[in-house]
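Presented below is the structure to which this report refers.
Here is how names work: the chains are called A, B, and so on, in the same order as the sequence lines, proteins then strands, and each is numbered from 1. Keep in mind that what you see is a predicted model, and the values were worked out from it rather than measured.
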There are 4 protein chains.
Amino acid sequence: MDKPIRVIVAGAGGRMGKEVVKLVLGDEELELAAAVGRSDAGRDAGEMVGMGTVGVLVTAELQEALAAGQADVLVDFTHPEFAYEHANLAIAAGVRPVMGTTGYTPEQIEELNTKCEQAGIGGLIAPNFSIGAILLMRFSALAAKHFPHLEIIEYHGDQKLDAPSGTAVKTAEMISEVRESMKQGNPKEKETISGSRGGEYDGFRIHSVRLPGVFAQQEVIFGSFGQSLKIRHDSYERAGYMPGVKIGVQKVMEYTGMVYGFEQFVD
Amino acid sequence: MDKPIRVIVAGAGGRMGKEVVKLVLGDEELELAAAVGRSDAGRDAGEMVGMGTVGVLVTAELQEALAAGQADVLVDFTHPEFAYEHANLAIAAGVRPVMGTTGYTPEQIEELNTKCEQAGIGGLIAPNFSIGAILLMRFSALAAKHFPHLEIIEYHGDQKLDAPSGTAVKTAEMISEVRESMKQGNPKEKETISGSRGGEYDGFRIHSVRLPGVFAQQEVIFGSFGQSLKIRHDSYERAGYMPGVKIGVQKVMEYTGMVYGFEQFVD
Amino acid sequence: MDKPIRVIVAGAGGRMGKEVVKLVLGDEELELAAAVGRSDAGRDAGEMVGMGTVGVLVTAELQEALAAGQADVLVDFTHPEFAYEHANLAIAAGVRPVMGTTGYTPEQIEELNTKCEQAGIGGLIAPNFSIGAILLMRFSALAAKHFPHLEIIEYHGDQKLDAPSGTAVKTAEMISEVRESMKQGNPKEKETISGSRGGEYDGFRIHSVRLPGVFAQQEVIFGSFGQSLKIRHDSYERAGYMPGVKIGVQKVMEYTGMVYGFEQFVD
Amino acid sequence: MDKPIRVIVAGAGGRMGKEVVKLVLGDEELELAAAVGRSDAGRDAGEMVGMGTVGVLVTAELQEALAAGQADVLVDFTHPEFAYEHANLAIAAGVRPVMGTTGYTPEQIEELNTKCEQAGIGGLIAPNFSIGAILLMRFSALAAKHFPHLEIIEYHGDQKLDAPSGTAVKTAEMISEVRESMKQGNPKEKETISGSRGGEYDGFRIHSVRLPGVFAQQEVIFGSFGQSLKIRHDSYERAGYMPGVKIGVQKVMEYTGMVYGFEQFVD
């Protein structure tokens, strides 16, 4: 077997970060080089995620972890405000950044790409590591060419702040690129309860359901004469994103430059 | 076997009326006494519905059909504007009205009840003959006692004018009667696309999907800690209401007075 | 506008044939050249489908309709036993065959292809004209590369004789071509009620549900760590196949040779 | 506020037991009197479930925990082999047993009932604490009276050993009690792939789907002329059973005798 890929996890104490720590500790092809998390600094990373003592203490600062010089890849699930800075620090240290955060301008992405190429390493910025969600978006765009009448329904936990979800908007954008613009429904339709027809995007509707117990679900329903087609993706827990994260970690070892969007690795 | 029940169908040329004519012609326990439909007057009722010649010509006027004196029951799927008048005409002729129309004031219903009792006959006003829809509403109200967090999604053809559907509003009312009033969702939630969270009714949300190919579907989704419960009803075609219409026709033969709501006959 | 395409409908009195007659009569780009149906011979084709008199009488014999020499395309929804013969008759008459029947050997298809090329006309053999079903199959095969764990559930009316449905088997075949063979489930699993785990195909399972009221529905469910993906197609009525039939009729005007499988016209 | 109910959790180190420990520690109306779990003996119960130190050490023996004399209720998620013994020990110590295990004979239940009455305390044996699953079963039985044509589909993780699930069989039993026995489907139907029509129970079918990522889902689908009704319950995680466990703990404080089946507390 090849030597395992040595991974630094930044944002290790967050909900996604903890799943990444579990992924790395539980996978023989990966090795935990460091875990970074301000509020958990000093704890054993394994104990933090309930996997027993592993001998890697959480550090407070990313620079410290990078300076140790033993990592191949940084997996970063911190906040958008640190996104650009952390990617820069990683590249400067010769560590391939796999960024799960959003918050980059197109110019910053271009600049990070140049820096990756100069450093001769790969990098990845991926707001979404869910293979299933990527397939849903892709199939929806393919179907919209044949079935231009569609609506999107997305379901999330009842404490989510914004509606529609980012994935729903991204799906709507992808559909809109291939679907001829058209206002669906009866031109004279009227709502007796305001909002019941959902939010409008390019002439079709998006509905956001918020209920306790739901993690993240989305369906796109296409209606045509005598038939309907439905594509639905259910995410049950954050752990479901980890197979995607692992693919990202493996892929950045193989190319040079910064890739934007995990969908490029999903055939 | 008992003598068949003799039925007058009013609104026989309409989409529901045609289904009733087919029901009556195809069921040995029922007999077509007359079919009333202004724009089809003079046609053979059987030919009108593609069942071959049956020898009953469509008549233009309800009075004429009632005056013939051979009917037990009137099934009326005309318009709300004729609802009260037709029920009165039927009762005066000793014919039990089974009214599929809406548009009665509570006072009118009370008055029709009195007239039915005086005439010693039964009557039924039923905006909804769907046994499945009635069960959906009933189960939803039962579930709402345990799961107060819920949303309603209803699906209809894309040319439907009003949203939400009458059944969705009726379901919301029935739920609201048993559910403690509460505003669901995050108090700080905000829509980046207006309307995406649906229409609000007593603190929960109703979403109306409109797509070609869909006849009538509705689901009520309840969310709770770690689980969700979904009750869904799909109507594929008007013919699906006919078993309910037949039950109504049979029931009005058995009691005296005017019953409001078909749900009373669904245990 | 171009001149309408003149269509002969064979099997015009059958359930699919009647829908094709309605399609042709209701579409300005198509014209009914003839309708063939032994048991309805002599009736007006329009009256047969409830669209009023149109002046085209149903004929008993295909040869007669072909000999009239006015048709561009034959749409044939008769029986497999006539499949090969009818296609031959059409080609010999210079009429493009659009065959909705199955029952051809590979050699026959090859031979019909040669004859079409010699005659300089197009032809189509298509057991399935449903665009939605074709997309479901295609998306399922694409998803199976990423999610090798899957099950198929198909729903049809309760009087259907065979299980699983032809579409389910075809879907399974297409998935099987791209998915690495693997036996899913727990190797030690046992059924306390025989058959509950469904029928096995290449290590995954197919479930056939049979219920009254259902026309044709199918879903393919993919399960992975923390997520599931579901693709579902609902056919509500035969009319839903007509947009596909129309595409077939238009396409055969544009090429030479016999095409097998409607999926080739769905991008 | 009332004094909290003091709870012993047996099987505290198991998957359900850990959830109960979390429930008790996180709910002000409950207090953790003791946690019993052989392989975790000596650990802090709070640390064991990732909620920090709480000062209650896991003990190896139930007797020890009962002897401490401070508990009101025992919640037991151990194994069927200990079911009867543990219930007896609890009653003898004046502690109300809430048993999440199966494995009692009717005679044992009767005997435990007598002992509870003699001790003047309540008890509960509940193989299923899911309110949603109980509603699904109840609604299904109600619907089966009107829609005798139905099929059950249940979904569980792909490593589950037995099919169909216990809940599916229990649902089938409850439906069977109210539905007139009848063999559904076409009498001449045949399987081209053996098992595709599912397992047969009293003339209807049960389908067991096994996929990774799924926790526990079940749907009962009723089909009738032109319509279908679907009742579906999704369990996403063990935590979803905890509201039911809490109701059980509260209820046993209020009555005398042994109750079998949590459904009695769900109106």
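Interface remark: of the candidates H233(A), E219(A), R138(A), H233(A) forms the most heavy-atom pairs closer than 4.5 Å to chain C. In terms of non-hydrogen atom pairs under 4.5 Å with chain C, the most contact-rich of S235(A), S228(A), A143(A) is S228(A). Ranked by non-hydrogen atom pairs under 4.5 Å with chain A, the options Q217(C), K145(C), E237(C) are led by E237(C).
Ion pairing between E19(C) and K22(C) holds under the 4.0 Å rule for side-chain N and carboxylate O. With salt bridges taken as basic N to acidic carboxylate O contacts below 4.0 Å, one links E154(C) and R210(C). In summary, E151(A) and R197(A) engage in a salt bridge, as defined by a charged side-chain N under 4.0 Å from a carboxylate O.
Only the side chain of L135(A) comes within less than 4.5 Å of a heavy atom in chain C; its backbone stays farther off. With a 4.5 Å cut-off on non-hydrogen atoms, S224(A) does not touch chain C at all. If you measure heavy-atom distances from F215(C) to chain A, you find no contacts under 4.5 Å at all.
With R179(A) contributing its side chain and D202(A) its backbone, the two residues share a donor-acceptor pair below 3.5 Å.
Taking the six-membered ring wherever Trp is involved, the centroid distance between the rings of F265(A) and Y255(A) falls below 6.0 Å.
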